[in-house]
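Right, one structure below, let's go through it.
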Amino acid sequence: MIVNFNSSRDCVVVLMVLLPFVWLQPSVQAAEPTPAELYQRSAAMLAQNPAQVISNFEQSKTALPQAPPWYQRDWYLLAARAYTAQQKFTQAREAVAMADALVPNGIDAAEIALTAGFVTYHQQFRQSARFWFNCADKFQNSPESRAKLLLNLGVVETFAGDYDLAMSHYLHGLALAEQYKFASLIPMYLNSIGNLHWRLEQYEPAITALRQATFQYAKLNNKVSQSRSGVNLLNVLVTMEDWERYLRLYPGIEQAVQEAKHTEFRVMLNLFEVVRQRRTGQPVNLPDVALKAELSELRNVNLQRMAQLLADKIQLDWQAPNVPVEPPELQLRLPHTETLCKS
């Protein structure tokens, strides 16, 4: 799975020095936040409420040209990530392009490249994402941004088939996340490391990493990510046909999926159950026609790959779609950031 990138943490303090007085004047309505406060609130709620972030951005957009370029950039990139979370990719790409247009003002472009990778990855354009994450790697990054970048580099290298390089990125990034106590990043690394062990058919290390990821996500009360790592864990057990551990862990993971209300994870659980029932000689609850219809609703490339392997295992006549390729005319072009990457 791919992560968001936070903007400057000292935004409010710096804004008090740099922004015109009118930006920080108390509102006529006391409850209305200042622009700086609105940005900070939006950054904090991105993971849980991207729709509200978009609303806040639209509210602030007309006043942005009066703000310093770095502040404009941070808002555009935050909006791009929120639009991406809502699968509004046209708006996301436009926001990244607006940030790129500010580069000639002397602002740092590292976060622009990182966000470009985030957007294109979620569009399933993995080669473009690989380009942008490698571009971001050429800039100086803070420890937190570096830890996030290494995670994403590991993901795209896994997809490209360079498993050794991917594992190197993951292990270095995990050490960095643990050193600086980036609590939200540690389970992301464990989840990705577990998936990579699964690809390498190293099943016991995969189970260990994925159980740790699931447990840590539960502690963070992140139901979607807990469900994701739980589904990945069950996939390993189904691959191994370790039905004893599968049946022991399935109820808790199913509960998390129900609470997350995640349709694609529910489809994967249904597939796991069909595989278990067929391989253990039990009555199958879901007919092939219905199962294939559900599998055809999968949009995530990683889940499609996982489902294809299990469909082949039970000789189900279903074929996952080809990985999307970004048409040349739709490639995300950020001329100012690209120039800095090449220099």
- Query: Side chains of Tyr189 and Gln212: donor-acceptor distance under 3.5 Å anywhere?
  - Reply: no
- Nearest-0.5 Å distance, OG1 of residue Thr239 to CG of residue Leu234: 10.5 Å
- Message: If I compare all heavy atoms of Leu332 with all of Ala116, which pair ends up nearest, and what's the gap?
- Response: CD2-CB, 3.8 Å
- Task: Go through Leu237 and Tyr250 one step at a time and tell me if the side chain to side chain contact (heavy atoms under 4.5 Å, CB included) criterion holds.
- Result: CA-CA 10 Å; Leu237 296 173; Tyr250 182 92; over 6 Å; no
- Check: Asn191 main-chain N/O paired with Asn232 side-chain donor or acceptor under 3.5 Å: no
- Just how far is it from atom CH2 of Trp243 to atom CZ of Arg279, taken to the nearest 0.5 Å? 8.0 Å
- Message: Between Ser145 (side chain only) and Ser142 (backbone N and O only), is there a donor and an acceptor less than 3.5 Å apart?
- Response: no
- Do Val231 and Phe272 come within less than 4.5 Å of each other through their side chains, counting heavy atoms only? yes
- Task: Would you sort out whether Leu271 and Val238 count as a side chain to side chain contact (heavy atoms under 4.5 Å, CB included), showing the intermediate values?
- Result: CA-CA 10 Å; Leu271 174 59; Val238 172; over 6 Å; no
- In this structure, are over 12 heavy atoms from other groups packed under 6.0 Å from Glu244 atom CD? no
- Message: Show me the pairs that pass side-chain hydrogen bond (donor to acceptor under 3.5 Å, both in side chains) and involve residues 128-137, at least two apart or across chains.
- Response: Ser128-Glu326, Arg130-Glu157, Asp137-Arg146
- Query: Apart from Val323 itself, which Ile, Leu, Val, Met, Phe, Trp or Tyr residues share its cluster (side-chain heavy atoms under 4.5 Å, direct or through members)?
  - Reply: Phe159, Val301
- Message: I want to check something: taking the side chain as every heavy atom from C-beta on, are Pro35 and Trp75 in contact at a cut-off of under 4.5 Å?
- Response: no
- Item | Side chain Tyr170, main chain Leu153, donor-acceptor under 3.5 Å | no
- From Leu298 CG over to Met268 CE, what is the distance, rounded to the nearest 0.5 angstrom? 6.5 Å
- Message: Do Val155 and Val325 sit in one hydrophobic cluster, given that two such residues count as connected whenever their side-chain heavy atoms are within less than 4.5 Å of each other, even indirectly?
- Response: no
- Item | CG on Leu174 to CD1 on Ile193, rounded to 0.5 Å | 5.0 Å
- Task: Following the transitive rule for hydrophobic clusters with a side-chain heavy-atom cut-off under 4.5 Å over Ile, Leu, Val, Met, Phe, Trp and Tyr, establish whether Leu165 and Tyr121 coincide in one cluster.
- Result: no
- Looking at side-chain heavy atoms only, is the closest gap between Ile186 and Leu190 below 4.5 Å? yes
- Inter-residue atom distance Thr120.OG1 - Gln127.CD, 0.5 Å rounding: 10.5 Å
- Query: With a cut-off of 6.0 Å (strictly less than), are more than 12 heavy atoms of other residues, nucleotides or ligands near CD of Glu58?
  - Reply: yes
- Expected output: side-chain Ser229 to main-chain Ser225 donor-acceptor under 3.5 Å: yes
- Task: Quick one: do Asp74 and Trp70 satisfy side chain to side chain contact (heavy atoms under 4.5 Å, CB included)? Show the steps, please.
- Result: CA-CA 6 Å; Asp74 286 358; Trp70 61 265; 4.0 Å; yes
- Item | Residues which pass side chain to side chain contact (heavy atoms under 4.5 Å, CB included) with Glu201, listed by chain and number, not counting sequence neighbours | Tyr203
- Would you name the heavy atoms of Gln72 and Ala67 that are closest together and state the gap between them? NE2-O, 2.9 Å
- Query: Between Arg81 and Thr115, do the side chains contain an N or O donor and an N or O acceptor separated by less than 3.5 Å?
  - Reply: yes
- Task: Answer yes or no: does atom CD of Gln282 have more than 12 heavy-atom neighbours from other residues, nucleotides or ligands under 6.0 Å?
- Result: yes
- Query: What are the two closest heavy atoms between Gly194 and Leu210, and how far apart are they?
  - Reply: CA-CG, 3.9 Å
- Counting N and O atoms only, with roles assigned by atom type, does the side chain of Asn141 sit under 3.5 Å from a partner on the main chain of Phe139, one being a donor and the other an acceptor? yes
- Task: Please assess Leu249 against Arg211 for the test side chain to side chain contact (heavy atoms under 4.5 Å, CB included), listing each intermediate value before the final yes or no.
- Result: CA-CA 10 Å; Leu249 295 172; Arg211 289 193 73 167; 3.9 Å; yes
- Name all residues meeting the side chain to side chain contact (heavy atoms under 4.5 Å, CB included) criterion together with Ala175; count only those two or more places apart in sequence or in a different chain, and write none if there are none. none
- Item | Note, Tyr76 side chain near Val96 side chain (heavy atom, < 4.5 Å) | no
- With a 4.5 Å limit on heavy-atom distance, are the side chains of Pro324 and Phe125 in contact? yes
- Using a cut-off of 6.0 Å, state whether more than 12 heavy atoms not belonging to Glu204 lie near its atom CD. yes
- Message: If we ignore hydrogens and angles and just use 3.5 Å, is the side chain of Thr84 paired with the main-chain N or O of Ala80 as donor and acceptor?
- Response: yes
- Note on the structure: Heavy-atom nearest pair, Tyr246 first then Arg276, reads CE2-CD, 3.4 Å
- Under the 3.5 angstrom rule, does the side chain of Asp108 hit a backbone N or O of Ala110 as a donor-acceptor pair? yes
- Item | Over 12 non-hydrogen atoms of neighbours within 6.0 angstrom of NE2 in His172 | no
- Message: For the CG atom of Asn195 and the OG1 atom of Thr158, what is their distance to the nearest 0.5 Å?
- Response: 8.5 Å
- Between the main-chain N or O of Pro50 and the side-chain N or O of Gln86, is there a donor-acceptor pair closer than 3.5 Å? no
- Note on the structure: Applying side-chain hydrogen bond (donor to acceptor under 3.5 Å, both in side chains) to Arg299 and not counting sequence neighbours gives none
- Message: I want to check something: taking the side chain as every heavy atom from C-beta on, are His262 and Ser227 in contact at a cut-off of under 4.5 Å?
- Response: no
- Item | Arg266 bridged to Glu294 by N-O distance under 4.0 Å | no
- Message: Does Met98 have more than 12 heavy atoms from other residues, nucleotides or ligands lying within 6.0 Å of its CE?
- Response: no
- Query: Are the side chains of Arg126 and Val156 in touch, meaning some heavy atoms are under 4.5 Å apart?
  - Reply: no
- Note on the structure: Correct closest heavy-atom pair for Leu77 and Ala99 would be CD2-CB, 3.7 Å
- Smallest heavy-atom separation, Ala147 atom then Leu176 atom, equals N-CD2, 3.6 Å
- Item | Contact check, side chains of Leu150 and Phe133, non-hydrogen atoms, under 4.5 Å | no
- Item | Backbone N/O of Met45 and side chain of Asn49: donor-acceptor pair under 3.5 Å | no
- Item | Donor + acceptor pair across side chains of Arg333, Gln331 (<3.5 Å) | no
- Asn285 and Glu273: side-chain donor and acceptor closer than 3.5 Å? no
- Verify the distance criterion only: is there a donor paired with an acceptor across the side chains of Gln52 and Asn56 at less than 3.5 Å? yes
- Message: I'd like to know if the side chain of Asp100 and the backbone of Thr337 have a donor-acceptor N/O pair within less than 3.5 Å.
- Response: yes
- Query: Does Phe215 share a hydrophobic cluster with Leu220, counting links as ILVMFWY side-chain heavy atoms below 4.5 Å and allowing steps through other members?
  - Reply: no
- Message: Checking Lys313 now: which residues fulfil side-chain hydrogen bond (donor to acceptor under 3.5 Å, both in side chains) with it, not counting sequence neighbours?
- Response: Glu241
